[in-house]
Protein chains: 2
Amino acid sequence: MGRGKIEIKKIENITNRQVTYSKRRAGIVKKAKELTVLCDAEVSLLMVSSTGKIHEYISPSSTHKNIYDRYQQASGTNLWQPHYERMQETLQKLKETNNKLRKEIRQRNGEDLDELNFQQLRGLEQNMEKSVECVRNRKFHVITTSSDTLKKKMKNHEETHNSLLRQFEERDADFRFPSLDFEGDYQSTIEFANGNPQIFAFRLQPKLQSNLQDEEAYGSYGLSLA
Amino acid sequence: MGRGKIEIKKIENITNRQVTYSKRRAGIVKKAKELTVLCDAEVSLLMVSSTGKIHEYISPSSTHKNIYDRYQQASGTNLWQPHYERMQETLQKLKETNNKLRKEIRQRNGEDLDELNFQQLRGLEQNMEKSVECVRNRKFHVITTSSDTLKKKMKNHEETHNSLLRQFEERDADFRFPSLDFEGDYQSTIEFANGNPQIFAFRLQPKLQSNLQDEEAYGSYGLSLA
DNA sequence: GGATCTATTTATAAATT
DNA sequence: TAATTTATAAATAGATC
């Protein structure tokens, strides 16, 4: 090398070490360039100095990533490739499933029926008739239950009201008010009902109801899918 | 270098190129080792020959992955992390969408109705009634169309048959067969019908038909989802 | 295809500016 | 601290085995 043979062992003098690092780094990069050009090779050279600084050389036609990937591939150390591929597959399958589901929904919504034959259409029709029956039953169940709850609430109100009336009567017996039955308190019942539209709703016949909000009724149910 | 200054440009002679590659590769690896020891540096050196073979040097205390990761960190070239994260997100969203779609299908199938309130149930019911009407209409359209096609086929058969009869009569006039009308050829009509069940099927009232295959009819329509 | 030899160029440690 | 010089070791192209 220079003035006298040098020993290949760690240079302890930090300034010297850094100077040597600079010079030799330039040297090795030059060698890498020459290898690239002369031998039509691809070289990825990464160097980390003892102070943590990173220097690099990469053949112009390539990238560190590309060469590193090929190295991993060759050495069988690549745990990424299969993982990535599996992810891609899963994604594809999910998308397909998604499209099938959407199609089924469209068909159950009366669209996209062109490719169904008579047999399938009849099956779909029968299934939907059965299903709408389930929904109807559930609807009645819900309305019956909430009706019961409401009746209980009404009953409670009635009792409270009567109890208050009784207390009032007892306290101010002097006035001799007539005893009022809650059932006859027409005005109060109307007010209660107006604040709770459902009270009327459940009293209507289902068939009549169906015609009330025909168009947008299902809007609140529909899912918004991105 | 050797006997006379050499020009740094691609060696076209393939044998020479490979020889030079071997020698210089040994040289650059030696330099990398020296840099590692002398300067306490970490070196990751990957070389791909023009024939695709990979050679490497890595400082004993390190790994290619470690140095490559630090390089990516430092250069902000880590395009993987965000890509991977985006993939995970997409996957998650697709799964959620999928579940929503499945739920909608279940609800349109009369299941999983517990969490719908009265309003939503009514909307669903109305929507399904409208949809089943679409399916029914489509069904009738299909059956009408195929019925027309069938009528045409029948007409053709009838004409051909009559034409054949006429030819037969004319050729063998001596036998004085009575002229047969196709309409009266009861046996032949029955045979034709037995070979083509659909002929009878489309003559049945839709309502009667619906009751024929009540249970598994929709099976052929259902999607099988993994 | 590689191993060795050799003439010459190249790299570079140390000195100098 | 960095660029330049210089003396010498190291690398290596081409030849030969």
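Treat the numbers as computed from the prediction; the structure is a model and nothing was measured. No hydrogens, no waters, no symmetry mates; every other heavy atom, side chains included, goes into these values.
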Between D:dT1 atom C1' and A:Ile14 atom CD1, what is the distance in whole Å?
-> 17 Å
Interatomic distance, B:Asn13 CG vs D:dA13 P [rounded to whole Å] = 13 Å
Does B:Lys5 place a side-chain N or O at less than 4.0 Å from the phosphate oxygens OP1/OP2 of D:dT12?
-> no
Scan A:Ser61, A:Ser62, A:Ser59 and name whichever one has a side-chain hydrogen bond (donor to acceptor under 3.5 Å, both in side chains) with A:Glu42.
-> A:Ser62
On DNA chain D, nearest-nucleotide positions of B:Gly27 versus A:Thr15: which is more 5'?
-> A:Thr15
Just by distance, with hydrogens left out, do B:Arg17 and B:Asn13 show a side-chain donor and acceptor under 3.5 Å apart?
-> no
Value in whole Å for how far the C1' atom of C:dT12 lies from CG of A:Asn16 | 13 Å
What residues form a side chain to side chain donor-acceptor pair (under 3.5 Å) with B:Ser75, not counting sequence neighbours?
-> B:Thr77
State whether B:Lys100 and B:Glu104 are salt-bridged, where the test is any N-O pair (Lys NZ or Arg NE/NH1/NH2 against Asp/Glu carboxylate O) under 4.0 Å.
-> no
Atom CD1 of A:Ile28 and atom P of D:dT12 are separated, to the nearest Å, by 11 Å
Select base, sugar-phosphate, or nothing to describe what A:Thr20 touches, counting heavy atoms under 4.0 Å on all strands.
-> sugar-phosphate
Between the base of C:dA13 and the side chain of A:Lys23, is there any donor-acceptor pair under 3.5 Å?
-> yes
If you fit an axis to the five pairs at each end of the helix from C:dG2-D:dC17 to C:dT17-D:dA2, how big is the angle between those two axes, to 10 degrees?
-> 30°
Return the nearest nucleotide to the side chain of A:Arg24; candidates are C:dA11, C:dA13, D:dA11.
-> C:dA13
Take the protein atom CG of A:Leu35 and the nucleotide atom P of C:dT10, then report the distance between them rounded to whole Å.
-> 16 Å
Specify the separation, in whole Å, of atom OH of B:Tyr21 and atom P of D:dG14.
-> 19 Å
Output all residues satisfying salt bridge (Lys or Arg N to Asp or Glu O under 4.0 Å) with B:Lys53, sequence neighbours left out; order by chain, then residue number.
-> none
Of all the choices, C:dA11, C:dA13, D:dA11, which nucleotide is nearest to the side chain of A:Lys30 once you look at every atom?
-> C:dA11
Interatomic distance, B:Glu7 CD vs D:dA13 P [rounded to whole Å] = 13 Å
Between C1' of D:dT12 and NZ of A:Lys31, the distance in whole Å = 7 Å
Any ion pair linking A:Arg136 and B:Glu129 (charged N to carboxylate O, less than 4.0 Å)?
-> yes
Would you confirm whether the ring centroid of B:His64 sits within less than 6.0 angstrom of the ring centroid of A:Tyr68?
-> no
